[in-house]
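The structure appears right after this line, and notes come after that.
Predicted model, so just to flag it, every value in this text is computed and none were measured.
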Amino acid sequence: MTSNGHPSENTRLLSGRRDQDTENQAPTACESNPKVRGVVWGTLTLLFVIAVILLVGFERVFGDAFAPWLGKLPKDPMLAALAILDKAPVIDTPRLQLTEIRHLSYDFEDLPILVRAQYANNASAVDLESEMPGHVDIPRLRKGKVGGFFWSVYVSCPDPDLEGKDFLGGTWRVRDTLEQIDISKILINKYPDTFALALNTEDIRKAIIGGRIASLLGVEGGHQLGNSIAVLRQYHALGVRYVTLTHTCHNAFADSCGFFSGMIPLHGGLSNLGRSLIDEMNRLGVLVDLSHTSDATAKQAISHSKAPVIWSHSSARAVHDVPRNVPDDVLELIGREEGKKDAVVMVNFAPFFVAEPNNATVKAVADHVDHIARVAGKQHVGLGSDFDGIGDVPEGLEDVSKYPALIAELYSRGWNKYELAGLTGGNLLRVYEGAEKVALELQAAGTSAVFDLYDKRTDIPKEHSDL
């Protein structure tokens with residue numbers, strides 16, 4: 001205080017009457033009696049020593065209860081999985097699959113399919129906060145500790161008789177894709193406390209930190225582009241951040257692997273237009289997705305793309321031999337060393353791609369994860385369940401609430417928390433950031449948009465002399 005009683009610069013904040021009261025307060029028993037003080041401190045020390053003895057000498061009994069306090073993971077695999085997912089939630093490519101429906105026996109992720117088929121895309125008729133009949137709804141997303149996923153704006157391959165061998169027949173696939181982008185955004189906006197539209201990796205992180213589920217859009221098939229690279233640009237402007245080069249059908253850009261063995265190639269991999277499509281995807285920052293592509297398409301895309309690539313929902317062919325799974329000679333092209341391509345293979349849970357009939361289990365899915373990790377490295381595997389895009393499910397992975405079971409299985413096999421954090425989402429984020437970096441570099445260098453046209457089109461002039 002100054003001599004006139006006013007506070008000086010050195011007077012403590014919140015000083016005054018309380019300080020005076022404190023000064024006048026009688027000392028406590030501990031302060032006035034050294035013996036009492038000694039007993040208190042002795043008791044606290046004894047309790048600390050007992051706690052250390054229990055933790056060190058009886059770790060197996062008490063370890064899981066105190067593990068979080070010590071910065072350790074519990075030894076129980078399920079408790080460890082839940083602890084890991086609290087810090088590194090799943091970023092998956094299951095698909096709230098927004099497609100036309102050919103029949104009404106689809107299991108869910110078919111919420112949006114049902115929205116289209118039964119409610120004419122009337123999102124107000126659907127309550128995602130209630131338990132839905134398939135694999136995905138908000139309560140189960142929360143229980144499964146999902147931090148982000150792609151909403152696939154998929155529409156099926158067109159009737160080949162209507163489309164024609166040159167893919168020129170009108171099929172409404174672009175219109176249908178736009179409707180599916182529209183309903184995806186409507187459903188995301190309907191639940192703003194749960195979902196957040198993500199357009200880049202920074203958006204994903206902000207959503208997760210804010211306790212929301214990052215929601216990205218992906219187009220699952222080049223047939224949805226209408227043979228046009230210009231359509232890709234418009235999809236990107238609407239928020240699409242990955243495009244699968246093919247679905248189960250060939251298209252003007254690339255060859256598909258089909259569904260069963262024996263599909264006859266059309267282009268021998270990528271067409272010239274397909275290479276131009278990848279160039280534009282790289283420039284825009286759209287992820288090149290190689291699920292559903294033929295082996296030749298995948299190898300050529302890996303070689304041609306300047307940016308990292310993904311397989312949004314594919315498993316390992318060496319574990320279960322079906323065309324949709326990735327063979328070892330393709331996995332061996334993946335890596336971060338010189339001469340390889342950074343990529344992430346996101347393992348599909350569809351039983352047909354996992355194991356022989358009636359043998360698809362959480363352990364079988366973990367076998368695919370382990371195999372891809374052995375061949376390509378643990379930094380190059382992720383989760384692409386395909387929930388709601390599949391009818392059957394593996395035993396133990398019945399819906400999105402069951403992700404912890406897979407993490408627990410892998411933890412029990414020796415995966416550590418850092419490797420599992422990569423699997424659940426870190427690896428995908430790294431690859432996505434790589435694609436963003438390439439896009440920024442290309443744009444900074446003044447790389448122009450790609451204007452290549454499909455050479456079989458007859459509705460637009462190819463040369464200036466045709467005008």
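Between R140 and E398 there is no salt bridge, since no side-chain nitrogen of the basic residue lies less than 4.0 Å from a carboxylate oxygen of the acidic one. Ion pairing between a basic and an acidic side chain is recognised when a charged N comes within 4.0 Å of a carboxylate O; D329 and R317 show no such pairing. With respect to the salt-bridge test (charged N to carboxylate O, under 4.0 angstrom), the residues E433 and K437 do not qualify.
In summary, the side chains of S291 and S314 do present a donor paired with an acceptor at a separation below 3.5 Å, with no hydrogens or angles considered. With no hydrogens or angles considered, no side-chain donor-acceptor pair links S312 and E220 at under 3.5 Å. Looking only at atom types and distance, the side chain of S276 has a donor-acceptor partner in the side chain of D452 under 3.5 Å away. There is no side-chain donor-acceptor pair under 3.5 Å between H267 and N272. Looking only at atom types and distance, the side chain of H371 has a donor-acceptor partner in the side chain of D328 under 3.5 Å away.
With K340 contributing its side chain and E332 its backbone, the two residues share a donor-acceptor pair below 3.5 Å. The main-chain N or O of E409 is found under 3.5 Å from a side-chain atom of S412 such that the two form a donor-acceptor pair. Distance alone, capped at 3.5 Å, places no donor-acceptor pair between the S315 side chain and the N325 backbone. Here the side chain of H368 pairs no donor or acceptor atom with the backbone of A355 at under 3.5 angstrom. Between the side chain of D399 and the backbone N or O of V136 there is no donor-acceptor pair closer than 3.5 Å. Judged by distance alone, with hydrogens and angles left aside, the side-chain atoms of R430 form a donor-acceptor pair with the main-chain N or O of Q379 at under 3.5 Å. In this structure, the side chain of H250 engages the main chain of S256 through a donor-acceptor pair within 3.5 Å. Panel note: side chain T248, backbone F259; no donor-acceptor pair is recorded below 3.5 Å. A distance-only check finds a donor-acceptor pair linking the side chain of H236 to the backbone of L284 [under 3.5 Å]. A side-chain donor-acceptor contact under 3.5 Å links Q300 to the backbone of L270.
Nearest heavy-atom pair across V354 and A364 is CG1-CB, 3.6 Å. Residues L85 and K145 share a closest heavy-atom pair of CB-CD, 3.4 Å. For the pair G268 and A296, the tightest heavy-atom approach, listed with the atom from each and the gap, is O-CB, 3.8 Å. Scanning all heavy atoms of the two residues, the minimum distance from P89 to I208 falls at CG-CG2, 3.7 Å. Counting all heavy atoms, side chain and backbone alike, A343 lies closest to I334 at CB-CG2, 3.9 Å. Between K378 and N427 the shortest heavy-atom distance is O-ND2, 3.0 Å.
Counting non-hydrogen atoms of other residues, nucleotides and ligands closer than 6.0 Å to NZ of K143 gives a total of 12 or fewer. Applying the 6.0 Å contact sphere to NZ of K363 captures no more than 12 heavy atoms from other residues, nucleotides or ligands. More than 12 heavy atoms of other shown residues, nucleotides or ligands fall within 6.0 angstrom of atom CG in D86. Within a 6.0 Å radius of CG in L162, other residues, nucleotides and ligands contribute more than 12 heavy atoms. Other residues, nucleotides and ligands contribute more than 12 heavy atoms inside 6.0 Å of the CD atom of E163.
Taking the six-membered ring where tryptophan is involved, the planes of H223 and Y154 are perpendicular, since the angle between them exceeds 60° and thus also 30°. The aromatic rings of F167 and Y454 lie tilted to each other, with the angle between the two planes from 30° to 60°. A perpendicular orientation is assigned to the rings of F195 and Y191, their planes being inclined by more than 60° (bins at 30° and 60°).
Note that CD of E179 and CH2 of W172 are 10.0 Å apart. Values are rounded to the nearest 0.5 Å. Distance check, rounded to the nearest 0.5 Å: CG of D342 to CD1 of I310 gives 12.0 Å. The structure places CG of L216 at 11.0 Å from CH2 of W151, a figure rounded to the nearest 0.5 Å. One finds the CG atom of L428 at 4.5 Å from the CE atom of M346 (value rounded to the nearest 0.5 Å).
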Query - salt bridge (Lys or Arg N to Asp or Glu O under 4.0 Å) assessment of R283 paired with E280 - result: CA-CA 5 Å; R283 190 185 72 86; E280 189 66 349; 2.8 Å; yes
Query raised in the report: Going through the checks in order, is the side-chain contact (heavy atoms from CB on, under 4.5 Å) test met by Y403 and D92?
Result: CA-CA 10 Å; Y403 287 117; D92 192 3; 2.3 Å; yes
Requested in this report: Carefully, step by step, assess I213 and I138 under the rule side-chain contact (heavy atoms from CB on, under 4.5 Å).
Outcome: CA-CA 10 Å; I213 298 173; I138 290 171; 6.0 Å; no
Report task. Could you please spell out the steps behind the side-chain hydrogen bond (donor to acceptor under 3.5 Å, both in side chains) verdict for N282 and S305? Result -> CA-CA 7 Å; N282 289 169; S305 178; 3.2 Å; yes
**Report entry** Criterion salt bridge (Lys or Arg N to Asp or Glu O under 4.0 Å) on R241 and E436, from CA distance to verdict
**Finding:** CA-CA 10 Å; R241 291 300 180 265; E436 289 177 333; over 6 Å; no
Requested in this report: With side-chain contact (heavy atoms from CB on, under 4.5 Å) as the test, would you mind laying out the steps for V174 and L178 before giving the verdict?
Outcome: CA-CA 6 Å; V174 173; L178 291 171; 4.3 Å; yes
Query raised in the report: When you look at V330 and W311, which way does the side-chain contact (heavy atoms from CB on, under 4.5 Å) test go after all the steps?
Result: CA-CA 11 Å; V330 173; W311 280 260; 3.6 Å; yes
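The side-chain heavy atoms of Q180 and T177, taken from C-beta on, include no pair separated by under 4.5 Å. For the pair V243 and F253, the minimum side-chain heavy-atom distance is 4.5 Å or more. In this structure, the side chains of H247 and Q224 stay at 4.5 Å or more apart for every pair of heavy atoms. Between D159 and T171, the closest side-chain pair of non-hydrogen atoms is not below 4.5 Å. You'll find the side chain of L197 stays beyond 4.5 Å of the side chain of D203, heavy atoms only. No side-chain heavy atom of D255 sits less than 4.5 Å from a side-chain heavy atom of T246. A 4.5 Å side-chain heavy-atom check between I372 and V326 finds every atom pair outside the cut-off. Looking only at side-chain heavy atoms (C-beta outward), M281 and L245 come within less than 4.5 Å of each other.
D166 is linked by a side-chain hydrogen bond (donor to acceptor under 3.5 Å, both in side chains) to nothing, counting only residues two or more places apart in sequence or in another chain.
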